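These notes concern the structure reproduced below.
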Protein chains: 2
Amino acid sequence: MKNGISLKELAARLKLAPSTVSRALNDSYEISEATKKKVISMAEKLNYQPNPFARSLRENKSKSIAVIIPERINNFFAQVIDGIESITSEHGYHLLVYSTHEDVEKEKKIVSLLQNGRADAIVMSVSSQTNDISHLKNLYERGLPILFFDRVCAEIPTTKFITNDYESAFEGTKHLLQQGCKRIAFLMLSMELSITRERHRGYLDALKNAGIEPESRLSICCSHQDAENIQLITELLNSKSRPDGILASVEKLALSTYHAVKKTDLSIPDDLKVISFSNMSIPNLLNPSLTTITQPAEAIGQECAKILIKKLTKPRQPDLPNEVISLPSKLTIRESTLVR
Amino acid sequence: MKNGISLKELAARLKLAPSTVSRALNDSYEISEATKKKVISMAEKLNYQPNPFARSLRENKSKSIAVIIPERINNFFAQVIDGIESITSEHGYHLLVYSTHEDVEKEKKIVSLLQNGRADAIVMSVSSQTNDISHLKNLYERGLPILFFDRVCAEIPTTKFITNDYESAFEGTKHLLQQGCKRIAFLMLSMELSITRERHRGYLDALKNAGIEPESRLSICCSHQDAENIQLITELLNSKSRPDGILASVEKLALSTYHAVKKTDLSIPDDLKVISFSNMSIPNLLNPSLTTITQPAEAIGQECAKILIKKLTKPRQPDLPNEVISLPSKLTIRESTLVR
DNA sequence: AAAATATTCGAAAACGATTTCGTATTTAAA
DNA sequence: TTTAAATACGAAATCGTTTTCGAATATTTT
């Protein structure tokens, strides 16, 4: 792999000093327009490409941003990254993307790889196993800008982008109640997750608000094994005091519910109504079509990127403010919560 | 952002020369075991993290691999990247991920950003608009290892990983014929794409093999606008000589077909049988469940990564061989092609 | 015309690692 | 005991930029 021409060689061709060429290319006021033109045209002619590592070393910036997500096979995260990229690419930033596969140990490894300046900032959504956050605190204290979205980490005083989890879950539960549900179950991944806590609160409050005493048996913590979850939900649906409504706090649990229902002689929405947080592209092609609470994923990504770009490109910016910014989700009612 | 301690500072603490410390950490034979121990323990104590850019500059490697895909919101590509990451992360490589959004101009921009050594290699699947490949040829000629998967570029003499597109399409079409289809349509994105050409060949040959003369009207080139495609397919289904079977060469066109069917009074599979290349996670939750040809996406990613790691880590490796490696897809028959 | 100020550029240091070359001390061979 | 070879480390160059400092020439001011 032959790298192209270097600044020094370019300077030699021009019979100029490297410093002059560097300044000319960076449009410094110290260089006359005449030489600037000469330098630029020669640079283009020889297809000069500055070495990013020399520049990074000198300037102590990497021009890249690390994005850490719990899983790739998930439209929500894909959309967020699209949103991030749409902003950052305009400013010459590159995206290093890592998946933790919902594994804290992997998350720690990834984070430790980012201690050395390889990325100028981190945008992340924590894994569902993450309760010990020392690795994140460590990174934060080194001064590396971190920004959370969706699954945030309250203990780190930085900016977080979420959706209105509480209200959305509240509204979703209310919708189920309005459709006649009496016993609503809440499906979640891990109680450690910020989103499940918030969504669970919304669920509980909606029940209480309707004068219904929540049954703890109906708040169900699932795993990452789809097969296990399907089994668990199937048993739930076959139990004598089965729920007649389900709020899935993440998409995959709604899908497991659909699979589980197939193994019973129940049907959606007649025997069981289902609503789910989901960013899948085809909720209306499911049978029945799925009522969803959809996050503005791409916008979340864009907002993350905007605040980050500001922090990284403008001089003397303060630390990312310790605040939680909420972008509202959208409830779309479909057949899975229909009364007929 | 305070970067950690440098090698020089570490050396000072140890009252050793930087060169010695460097060698000790790299386990050089020139350094005694005693000093190695001292150096390593001190490095751990002070949490020394080598600066990746100094190293990259000196060694002329980036330790990162660029992955270019046409879209993120697509399980197939997500799975491939998971596969790549599973191998490369073990070897200390980082993944720079770019999406072209099916836009050649974006693809060219991304590729031009990769001319300066920021990545040690490229793994990519070309955009559906890509017919002029000068930007890729350029990169190849600079000696940067490029590796294609799925949507390959025949003109670049390097290794390509695909699935058995021809055979899969042949078998898929044969299956439709066996289920009684008489007029089978082929849905594709762009004739420029290697996968559509191969899959189309398989489709045509299967028809001819069954003594059916292919109608060019039934080979339909779609766009990237889902709404347009749904409209197009709806019109097709409403035409007097409508097809009774559809082979979708990519997943999104099968989904558009499902949407289109909803707008007619036809039903799948009774009036129209559908089969599609697809890596979606829930083909069996569609209504009706979708018969799919599924690529071994993660394995493709892993194989790409393995050959690349070999090329990048072993000394004096030859160029990536100019060969096409095929990993077989799997046909899974579901309701959408059922006879009842 | 002399002095002060712009204007334009070059030399060299710096970023933080690796590596070539050189050298002092030990150890082994003659 | 002398010589040769092995061992263990240091000094300095190097990768390709940017930037500080310095200086020469040109321009303006007094």
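Lettering follows sequence order; numbering is per chain, from 1. Because the structure is a prediction, the values reported are computed rather than measured.
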Task: A/Leu7 side chain, from C-beta outward: closest of D/dT18, D/dG10, D/dC15 - done: D/dT18

Task: side-chain contact (heavy atoms from CB on, under 4.5 Å) partners for B/Ala154, two or more places apart - done: none

Open item on the list: Within residues 41-49 of chain A, which residues have any heavy atom lying less than 4.0 Å from an atom of DNA chain D?
Closed with: A/Tyr48, A/Gln49

In a table with atom names and distances, give each donor-acceptor pair under 3.5 Å that connects a side chain of residues 5-16 of chain A to protein atoms at least two apart or in another chain.
from, atom 1, to, atom 2, distance (Å)
A/Ser6, OG, A/Lys8, N, 3.3
A/Ser6, OG, A/Glu9, N, 3.2
A/Ser6, OG, A/Glu9, OE1, 3.3
A/Glu9, OE1, A/Ser6, N, 2.7

Open item on the list: Quick test of your reading of the model: are A/Asp150 and A/Lys160 salt-bridged, counting only N-O distances below 4.0 Å?
Closed with: no

Open item on the list: Tell me which pairs pass ring-ring contact (aromatic ring centres under 6.0 Å, His included) where either residue lies in residues 82-109 of chain A, with sequence neighbours left out.
Closed with: A/His94-B/Tyr98, A/Tyr98-B/His94

Open item on the list: Keeping B/Ser56 on the side-chain end and B/Lys61 on the backbone end, is there a donor-acceptor pair under 3.5 Å?
Closed with: yes

- [ ] Indicate, with a heavy-atom threshold strictly under 4.0 Å, whether A/Ser6 touches base, sugar-phosphate, or nothing.
- [x] sugar-phosphate

Open item on the list: Reading DNA chain C from 5' to 3', where do the contacts with chain B start and stop? Cut-off is 4.0 Å to heavy atoms.
Closed with: C/dG16 to C/dC21

TODO: Round to the nearest Å and state the distance from B/Lys8 atom NZ to D/dA11 atom C1'.
DONE: 13 Å

Task: Nucleotide D/dG16, atom C1' - distance to CG of B/Asn116 in whole Å - done: 12 Å

Open item on the list: Suppose the criterion is side chain to side chain donor-acceptor pair (under 3.5 Å): which pairs have a residue in residues 310-319 of chain B, not counting sequence neighbours?
Closed with: none

- [ ] Kindly write out the residues that satisfy side-chain contact (heavy atoms from CB on, under 4.5 Å) with B/Ala78, not counting sequence neighbours, or none if the list is empty.
- [x] A/Arg72, A/Ile73

- [ ] In whole angstrom, give the distance that lies between atom NZ of A/Lys63 and atom C1' of D/dT18.
- [x] 15 Å

Task: 5' precedence on DNA chain D between B/Leu16 and A/Glu59 (nearest-nucleotide basis) - done: B/Leu16

TODO: Round to the nearest Å and state the distance from A/Lys61 atom NZ to D/dT17 atom C1'.
DONE: 13 Å

Open item on the list: With a 3.5 Å distance limit and no angle check, can you tell me whether B/Asn138 reaches the backbone of B/Ser134 through a side-chain donor-acceptor pair?
Closed with: no

Open item on the list: With the threshold set at under 4.0 Å for non-hydrogen atoms, list the residues of residues 21-40 of chain B touching DNA chain C in residue-number order.
Closed with: B/Ser22, B/Arg23, B/Asn26

Task: Side-chain ion pair, B/Lys36 and B/Asp27, N-O less than 4.0 Å - done: yes

- [ ] Using a 4.0 Å heavy-atom cut-off across all strands, classify B/Arg55 as base, sugar-phosphate, or nothing.
- [x] sugar-phosphate

TODO: Find the bend of the helix from C/dA1-D/dT30 to C/dA30-D/dT1 as the angle between its two terminal axes (five pairs each), to the nearest 10°.
DONE: 50°

- [ ] Please identify each residue that fulfils side-chain contact (heavy atoms from CB on, under 4.5 Å) with A/Ser127, with sequence neighbours left out.
- [x] A/Thr100, A/Glu102, A/Val104, A/Glu107, A/Gln129, A/Thr130

- [ ] Among residues two or more places apart or on two chains, list those pairs meeting ring-ring contact (aromatic ring centres under 6.0 Å, His included) that have a residue in residues 23-48 of chain B.
- [x] none

Task: All side-chain contact (heavy atoms from CB on, under 4.5 Å) counterparts of B/Lys109, not counting sequence neighbours - done: none

